[in-house]
Amino acid sequence: MREIFAGLPWWVKWVAVPVIALVVFGGVIATVVGFVIGLLFKLLVFVALIAGLIYIVRKFTAGSSSRSDW
C-alpha cells in the first residue's frame, strides 16, 4: 500500500483520497455521529431527571422527618 501512494502527487494523498472516502462513507459516518450525539443527549436528559427526582425527594423528606433516618 505504501508503494502505491509513494508515486502519487501530494494532492491525491491529502485531498482526493479523503474526499472520495467522505463521499463513499459519508452516510455511515453521519449515521454514527448522529447516533452518538443522540445517545449523549438521552444520557444527559436521564441524569437531569434523576438529579431532579433526588432533589425533590430530599426536599420533601427533609421537612417531614429528621436527617438521622438516613
Side-chain angles (χ1 to χ4, degrees):
M1 191 65 141
R2 196 173 291 256
E3 296 85 20
I4 294 172
F5 282 111
L8 296 175
W10 67 270
W11 60 270
V12 173
K13 291 186 265 190
W14 299 105
V15 177
V17 172
V19 167
I20 292 171
L22 282 175
V23 168
V24 172
F25 298 109
V28 175
I29 293 170
T31 302
V32 169
V33 169
F35 175 75
V36 169
I37 290 174
L39 191 64
L40 288 175
F41 179 74
K42 288 178 183 178
L43 183 66
L44 183 65
V45 169
F46 176 74
V47 168
L49 288 173
I50 295 300
L53 179 65
I54 291 171
Y55 174 76
I56 290 172
V57 168
R58 286 193 176 178
K59 184 175 179 181
F60 283 114
T61 57
S64 62
S65 64
S66 65
R67 285 281 196 185
S68 63
D69 293 343
W70 290 83

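Side-chain atoms are counted along with the backbone in the values below, which use heavy atoms only and exclude waters and symmetry mates.
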Verify the cluster assignment for F5 and W10: are they in a single hydrophobic cluster under the rule of side-chain heavy atoms below 4.5 Å apart?
yes
For this session: Could you tell me whether the side chain of L49 reaches within less than 4.5 Å of the side chain of L53, counting heavy atoms only?
Result: no
For T31 and G27, the nearest pair of non-hydrogen atoms, with its separation, is OG1-O, 2.7 Å
Rounding to 0.5 Å, atoms CZ (F60) and OH (Y55) come to a distance of 9.5 Å
Rounded to the nearest 0.5 angstrom, the CG-CG distance for L43 and L39 is 6.5 Å
Across all chains, not counting sequence neighbours, the side-chain contact (heavy atoms from CB on, under 4.5 Å) partners of V24 are I20
V47 meets the side-chain contact (heavy atoms from CB on, under 4.5 Å) criterion, sequence neighbours left out, with none
Determine, step by step, whether I37 and V33 satisfy the side chain to side chain contact (heavy atoms under 4.5 Å, CB included) criterion, reporting the C-alpha distance in whole Å, the side-chain angles of both residues, the deciding distance to 0.1 Å, and the verdict.
-> CA-CA 6 Å; I37 290 174; V33 169; 3.8 Å; yes
Note: I4 and L8 closest approach over all heavy atoms is O-CG, 3.6 Å
